[in-house]
Amino acid sequence: MMKAVEVRGLSFRYENSEEWALREVDLEIDRGELVLVLGPTGSGKSTFLRCLIGLIPHFYSGEYLGSVRVMGMEVASTPVHRLATRVGMVFQNPETQIFSTSVESELAFPLENLGVPPEEIRRRVEDALDRFGLRDLRRRNPAELSGGQKQRLAIATVTAMGPDVLLLDEPTSMLDPLAAKEVLDLVVKICREEGRTVLVSEHRTDLIAPHADRVIAFSGGRVIYSGDPRSFFSELRRGEIPVPRVVELYWRLRDSCRLDGPVPLLPEELEALISRKVRGGVGGR
C-alpha cells in the first residue's frame, strides 16, 4: 500500500539563514496513523510540516534538498492547488485562516476555489456543520466565535476539502484547557473514524499522547526519535519537550513507592499501578 508520507534526505535552509532548519530527514508514515510531532522551539517541527503541505518550497525561499512525497505526489513539483486536495493544514491561530463573514460561507469558500460543483459544496457544508457541531452557528460571523469555536471551524473548513493527510501546528496554543481538550478530542475522532492520516505538533502532550500511534521528535533539525509514544516518554523525564503530567507524577512516585510496570500515559493507568502495589503490599504482610 502507498505510504501517506515518504521523506528522503530532506534538508532545508531558509533564505538568508546560515543554519539548516532541517537536516537529512528520512521518514515514512502509514495511512491512518496519528502522529505526535514534538521538539523544542526552533527544532524544525514547524518547518517539517510546511514541507509536507508545500509551503516549502513553493512559498518559502531557501536551499531545498531531498524528496517529499505525500499520497504519492512529489511536493516540490506538484502545484499547490493539487496538493490542497490531498493534504490540509490548520495553524495555531485560527484567525489567520478565516476570511468570510459567516460560518457557512467560510466552509464553502475553499471548495468554490477548488471548482467543486455547487451541489457537492452544499453537501459537504451541511456535513461539516453536523460533524463539527457548528449547525447552530452557521450564520454567525466567525469574528464573534470563541477561540475553541474558531479552531473547530478552521479544522472543519480544512477537512471539508477532503484531504487524506491533516496537519496541525500547535492548534491549542491560544485555547484554554477545556477548549484545548475539545479540539484534540475532535482531532483523534477525525483520525479514528474517518481514517485520515493526522500529524499534530502539540505542547499539551497529556491530551494527545495516549491516543498517538507514534511520536516523531526533532532536535536541531534532525529526527532524534520515531516510534512508540510510551517508549519515548519512558526515557524522557524532563527538558525542553513537554512531558504528560501523569508521566511526571509516575517518575516522582516510582522510586518512593517502588512502582513496577510500564510508564502510564493515562491517569487510569497510573491508578492501576498504584492499586496493584497497594494490594501486593497488603497481601505480603
Side-chain angles (χ1 to χ4, degrees), residues 3-29 33 35-84 86-99 151 154 158 163 165-175 197-205 208 212 214-227 232 236 238-243:
K3 299 289 183 180
V5 174
E6 296 176 89
V7 180
R8 296 285 181 267
L10 173 64
S11 297
F12 182 74
R13 178 168 59 187
Y14 288 98
E15 190 174 24
N16 300 322
S17 174
E18 296 182 359
E19 298 293 325
W20 289 89
L22 292 175
R23 301 169 182 265
E24 300 175 352
V25 175
D26 289 285
L27 282 171
E28 288 186 352
I29 297 172
E33 270 197 277
V35 180
L36 175 57
V37 182
L38 296 175
T41 301
S43 62
K45 58 185 188 296
S46 292
T47 299
F48 174 68
L49 295 180
R50 290 171 186 165
C51 289
L52 297 187
I53 198 172
L55 290 175
I56 296 172
H58 294 292
F59 292 102
Y60 288 88
S61 300
E63 189 171 354
Y64 179 96
L65 304 173
S67 169
V68 177
R69 298 179 70 85
V70 178
M71 299 306 296
M73 298 182 297
E74 183 65 47
V75 170
S77 59
T78 302
V80 173
H81 70 272
R82 280 196 59 209
L83 288 170
R86 307 302 298 272
V87 55
M89 188 165 182
V90 177
F91 299 91
Q92 57 183 278
N93 184 355
E95 294 185 0
T96 63
Q97 294 182 256
I98 294 175
F99 307 99
Q151 197 62 288
V158 170
V165 179
L166 180 62
L167 314 174
L168 301 102
D169 191 7
E170 299 286 354
T172 72
S173 64
M174 303 182 69
L175 304 181
T197 305
V198 177
L199 285 80
V200 53
S201 170
E202 179 56 56
H203 67 283
R204 285 183 163 113
T205 52
I208 192 72
R214 194 195 325 184
V215 162
I216 295 175
F218 284 86
S219 179
R222 299 183 185 275
V223 173
I224 59 171
Y225 182 87
S226 177
F232 177 74
L236 185 71
R238 60 178 59 88
E240 294 179 294
I241 296 177
V243 175

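Remember, it's a predicted structure, so these values are computed and weren't measured experimentally. Heavy atoms only: backbone and side chains are in, while hydrogens, waters and symmetry mates are out.
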Let me confirm one number: the OG-CD1 distance from Ser43 to Ile241, rounded to the nearest 0.5 Å. 7.0 Å
Kindly assign one of parallel, tilted or perpendicular to the pair Tyr14 and Tyr60, based on the angle between their ring planes and the thresholds 30° and 60°. perpendicular
Ion pair check, Arg13 and Glu19, cut-off under 4.0 Å: no
Is any NZ, NE, NH1 or NH2 atom of the basic residue among Arg8 and Glu28 found under 4.0 Å from an Asp or Glu carboxylate oxygen of the other? yes
Ser173 and Gln92 side chains, donor-acceptor separation under 3.5 Å: yes
Heavy-atom closest pair, residues Ser201 and Pro171: O-CD, 3.4 Å
Output for pair (Phe12 CZ, Leu65 CG), nearest 0.5 Å, gives 10.0 Å
Do side-chain atoms of Glu33 reach the backbone of Val35 as a donor and acceptor pair under 3.5 angstrom? no
Min side-chain heavy-atom separation Leu52-Val7 under 4.5 Å: yes
Do Cys51 and Val75 touch side chain to side chain, with heavy atoms closer than 4.5 Å? no
Please check: side-chain N/O of His203 versus main-chain N/O of Pro40, any donor-acceptor pairing under 3.5 Å? no
Which atom names give the shortest non-hydrogen contact between Leu27 and Val223, and what distance separates them? CD1-CG2, 4.1 Å
Between the main-chain N or O of Phe91 and the side-chain N or O of Gln97, is there a donor-acceptor pair closer than 3.5 Å? yes
Student check: side-chain heavy atoms of Leu38 and Val215 closer than 4.5 Å: yes
d(Ile216 CD1, Ile224 CD1) to nearest 0.5 Å is 12.0 Å
To the nearest 0.5 Å, what is the distance between CD1 on Ile53 and CE on Met89? 6.0 Å
Heavy atoms, side chains only, cut-off 4.5 Å: are Val165 and Arg86 in contact? no
Shortest non-hydrogen separation from Asp169 to Ser46 and the atoms involved: OD2-OG, 3.0 Å
Under 4.5 Å between any side-chain heavy atoms of Val200 and Val37, yes or no? no
Using side-chain heavy atoms (C-beta onward) and a distance below 4.5 Å, is Leu36 in contact with Phe232? no
Measuring only between side-chain heavy atoms, which start at C-beta, is Ile56 closer than 4.5 Å to Tyr64? yes
Residues Leu166 and Val158: closest non-hydrogen pair is CD1-CG1, 3.6 Å
Are any of the side-chain heavy atoms of Val5 and Arg69 separated by less than 4.5 Å? no
Keeping the roles fixed (side chain from Lys3, backbone from Ile29), state whether a donor-acceptor pair exists under 3.5 Å. no
Whether Phe48 and Phe218 hold their rings parallel, tilted or perpendicular, with breakpoints at 30° and 60°: tilted
Verify the neighbour count for atom CE of Met73: are there more than 12 heavy atoms of other residues, nucleotides or ligands below 6.0 Å? yes
Rounded to the nearest 0.5 Å, the NZ atom of Lys45 sits from the CG atom of Leu199 at a distance of 13.5 Å
Of all heavy-atom pairs linking Ser11 and Glu24, the shortest is OG-N, 2.8 Å
How close do Gln151 and Val90 get, heavy atom to heavy atom, and via which atoms? OE1-CG1, 3.3 Å
